[in-house]
Amino acid sequence: MNYDCKDIGLAPKGKDRILWADDRMPVLRTIRDRFEKEKPLTGIRIGACLHVTTETANLMRTLKAGGGEVSLCASNPLSTQDDVTASLIADFQIPVFAITGEDHDTYYQHIHSVLDANPQITMDDGADLVSTLHSSRENVLEQVFGGTEETTTGVIRLRSMEKEGVLGYPIIAVNDALTKHLFDNRYGTGQSTVDGILRATNILLAGSNVVVGGYGWCGRGVAMRASGMGAHVIILEVDPIKALEAVMDGFRVMPVAEAAEIGDVFVTLTGNIAILRQEHFEKMKDGAIVANSGHFNVELDLEVLEKIATKKKRIRHQVDQYTLPSGKRINVLGEGRLINLAAAEGHPASVMDMSFANQALATEFLVKHHGSLKKEVIKMPEHIDREIATLKLATMGYNIDTLTDQQTRYLASWDQGT
Ligand code: ADE
């Protein structure tokens, strides 16, 4: 078996942590038990490019239990948990190509290693696997009949490919399932981003000004959790509807140029480029903390910070302190890469349970239905979304009501008014 990992000796620690996460992923486990019996993915080659975490390990186990032949690489150079890579290889015989801190070339070599296994289904988080496949591996592309995409940024890239007419096969936008983005993006990113900032810095959030760039589901989550810990939250938005929502949720909203002067902590989650730039760094308070929790490391203009800084020092694990000509110091966390995975462990298992239940069921759906799907970005089937919510509620011990016949008839009628 081909693989590339940091240290295979880390496997025992990785296995313990994978099983710890598994205890918190009952929906995925239920699917795994069924896959074990029904083998719906028998012989299907699946190439995955995901954050290599304990939660991802349990998804890989599930696909393998279903009969899939899986290989995995990282979707970010800093998010790999090396003990998990080791355990997937040694304990679960799944080929993984991922080393934390890998450079740009190794990151892409690892993507190519997954493509060398000739996948028929791609499973991506951010669309680097899909874009590499389309731009440089046409012979592999011919055999691929379907894919899934985990995150908002990836879905946006795929929609651009679809619009340009270059998308080579149908890809299910797992991110757009309600049981994914309403929970993972909001509660997962909310908690894990705060977790990453605190693990990197050990600052007190209470009483500090936390500037959150972007009020999508991820930004909402971070704002909610930082506020819950006593921070004064300021939102940056370009969309008037989202900005208005932030105002009515009780947050201050202002342009980045104003927020730059008063923020103690900045975190970007916009999915866009160069949110914090030279003119903002120069206005910041001495000691300001700057982080990104968006998918790519493009939201902070670190190139310009490198250029204008008179000094750069790694002052703590995952904290680079830049000194500006004015003498002010700006602390950048996790090299501007997603801080929840660079400095913490990503979203907790119990929320990834739903995201990865979606991934597993989307894969099964593709195997069954790919012949009738167009080369487009596909919506997650609604019945799967509802099935996952129902299962999750049940595993959490919650029961809910069902409509009575009278209520069902009423909802279908138009003639009953006041
Ligand atoms: N994305 C965010 N958190 C994650 C996790 N724990 N595992 C895989 N992907 C993630």
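Numbers here are sequence positions counted from 1.
Enclosure of atom NZ in Lys15 is not indicated, since only 12 or fewer non-hydrogen atoms of other residues, nucleotides or ligands lie within 6.0 angstrom. The 12-atom threshold is exceeded at CG of Asp415, counting heavy atoms of other residues, nucleotides or ligands nearer than 6.0 Å. Around atom OH of Tyr3, no more than 12 heavy atoms belonging to other residues, nucleotides or ligands sit under 6.0 Å away. Taking a 6.0 Å sphere around NZ of Lys375, one finds it holds 12 or fewer heavy atoms contributed by other residues, nucleotides or ligands. Heavy-atom neighbours of Lys285 NZ from other residues, nucleotides or ligands within 6.0 Å: above the threshold of 12. Environment of CD in Gln120: crowded, with over 12 heavy atoms of neighbouring residues, nucleotides or ligands closer than 6.0 Å. Enclosure of atom CG in Leu403 by more than 12 non-hydrogen atoms of other residues, nucleotides or ligands within 6.0 angstrom is indicated. For Leu411, the CG atom counts as densely surrounded, since its 6.0 Å shell holds more than 12 non-hydrogen atoms of other residues, nucleotides or ligands.
No salt bridge links Lys379 with Asp176; every basic N to acidic carboxylate O contact stays at or beyond 4.0 Å. With respect to Arg252 and Glu258, no salt bridge is recorded, no charged nitrogen being found less than 4.0 Å from a carboxylate O. Under 4.0 Å is where a charged nitrogen must lie from a carboxylate oxygen, and between Lys374 and Glu162 no such pair does. In this structure, Asp128 pairs ionically with Arg157, as a charged nitrogen and a carboxylate oxygen lie closer than 4.0 Å. A salt bridge does not link Arg61 with Glu36: none of the charged nitrogens is closer than 4.0 Å to a carboxylate oxygen.
Ile262 has its side chain within reach of Met254: a pair of non-hydrogen atoms, C-beta onward, lies under 4.5 Å apart. Within the 4.5 Å cutoff, the side chain of Met352 has heavy atoms near those of the Asp184 side chain. Residues Leu324 and Leu305 are in side-chain contact: their nearest non-hydrogen atoms beyond the backbone lie under 4.5 Å apart. Between Val155 and Arg159 the shortest side-chain heavy-atom distance falls below 4.5 Å. By the 4.5 Å heavy-atom criterion applied to side chains, Gln278 and Asp301 are not counted as neighbours. The side-chain heavy atoms of Val194 and Val267, taken from C-beta on, include no pair separated by under 4.5 Å. Looking only at side-chain heavy atoms (C-beta outward), Phe281 and Tyr322 stay at 4.5 Å or farther from each other. For the pair Val367/Pro40, no side-chain contact is recorded, criterion being any heavy-atom separation below 4.5 Å from C-beta on.
A distance of 9.0 Å separates CG of Asp195 from CG of Asn340, quoted to the nearest 0.5 Å. With values rounded to the nearest 0.5 angstrom, His51 atom NE2 is found 5.5 Å from Asn76 atom CG. Atom SG of Cys73 sits about 11.5 Å away from atom CG of Asp4, to the nearest 0.5 Å. Rounding to the nearest 0.5 Å gives a distance of 12.5 Å between CG of Asn358 and CZ of Phe365. The OG1 atom of Thr179 sits 10.0 Å away from atom CD of Glu387, with the distance rounded to the nearest 0.5 Å. Interatomic distance, Ser79 OG to Leu50 CG, rounded to the nearest 0.5 Å: 9.5 Å.
With hydrogens and angles ignored, the 3.5 Å screen pairs a side-chain donor or acceptor of Glu149 with a backbone N or O of Ala127. Put simply, the side chain of Ser87 never gets that close to the backbone of Val84: no donor and acceptor are under 3.5 Å apart. Side-chain atoms of Thr122 do not come within 3.5 Å of backbone N or O of Asp124 as any donor-acceptor pair. For the pair His134 (side chain) and Gly168 (backbone), a donor-acceptor distance under 3.5 Å is present. In this structure, the side chain of Arg137 does not engage the main chain of Thr132 through any donor-acceptor pair within 3.5 Å. A donor-acceptor contact shorter than 3.5 Å is absent between the side chain of Asn331 and the backbone of Val319. Looking only at distances, a side-chain donor or acceptor of Glu237 sits under 3.5 Å from a matching main-chain atom of Tyr215. In terms of modelled atom types and a separation under 3.5 Å, the side chain of Asp353 and the main chain of Leu28 share a donor-acceptor contact. In this structure, the side chain of Thr310 engages the main chain of Thr323 through a donor-acceptor pair within 3.5 Å. A donor-acceptor pair under 3.5 Å is formed between the side chain of Lys328 and the backbone N or O of Met284.
A side-chain N or O of Gln359 and one of Glu150 form a donor-acceptor pair less than 3.5 Å apart. For the residue pair Thr404 and Gln406, no side-chain donor N or O sits within less than 3.5 Å of a side-chain acceptor on the partner. Using modelled atom types, one finds no donor on one side chain facing an acceptor on the other under 3.5 Å when comparing Glu345 with Thr54. When only modelled atom types and interatomic distance are considered, Thr106 and Asp103 share a side-chain donor-acceptor pair under 3.5 Å.
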Between Tyr108 and His112, is the ring-ring contact (aromatic ring centres under 6.0 Å, His included) condition met? List the steps. CA-CA 6 Å; Tyr108 278 98; His112 280 288; 7.5 Å; no

Please test Glu282 against Ser326 for side chain to side chain donor-acceptor pair (under 3.5 Å), starting from the C-alpha separation and ending with a verdict. CA-CA 8 Å; Glu282 285 171 345; Ser326 62; over 6 Å; no

Met60 vs Thr56, side chain to side chain contact (heavy atoms under 4.5 Å, CB included): CA-CA, chis, key distance, verdict: CA-CA 6 Å; Met60 296 300 106; Thr56 297; 4.3 Å; yes

Stepwise side chain to side chain contact (heavy atoms under 4.5 Å, CB included) check, Met123 with Leu59: CA-CA 11 Å; Met123 184 173 283; Leu59 172 60; 3.7 Å; yes

How far apart are the C-alpha atoms of Thr193 and Ile339, what are their side-chain angles, what is the distance that settles it, and do they pass the side chain to side chain contact (heavy atoms under 4.5 Å, CB included) test? CA-CA 6 Å; Thr193 299; Ile339 194 59; 3.9 Å; yes

Do Val130 and Tyr169 pass the side chain to side chain contact (heavy atoms under 4.5 Å, CB included) test, and can you show the C-alpha distance, the side-chain angles, and the key distance before you say yes or no? CA-CA 10 Å; Val130 170; Tyr169 53 91; 3.6 Å; yes

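Considering every non-hydrogen atom in both Thr62 and Ala360, the closest pair reads CG2-CB, 4.2 Å. In terms of heavy atoms, Met224 sits closest to Tyr187 at CE-CE2, 4.0 Å. Listed here is the closest heavy atom pair of Val377 and Ala173: CG1-CB, 3.8 Å. The nearest pair of heavy atoms linking Ala259 to Val211 is CB-CG1, 3.9 Å. Listed here is the closest heavy atom pair of Ala257 and Lys283: O-NZ, 3.5 Å. Of all heavy-atom pairs spanning Ser192 and Ala344, the tightest one is O-CB, 4.1 Å.
When each of Asn292, Asn297, Leu300 is checked for a side chain to side chain contact (heavy atoms under 4.5 Å, CB included) with Arg337, only Asn297 meets the rule.
Because its NZ or CZ atom is both nearer than 6.0 Å to the ring centre of Trp217 and within 45° of the ring axis, Arg220 counts as a cation-pi partner of that residue.
Aromatic ring pairs are classed by plane angle as parallel below 30°, tilted from 30° to 60° and perpendicular above 60°; the pair His110 and Phe97 is tilted.
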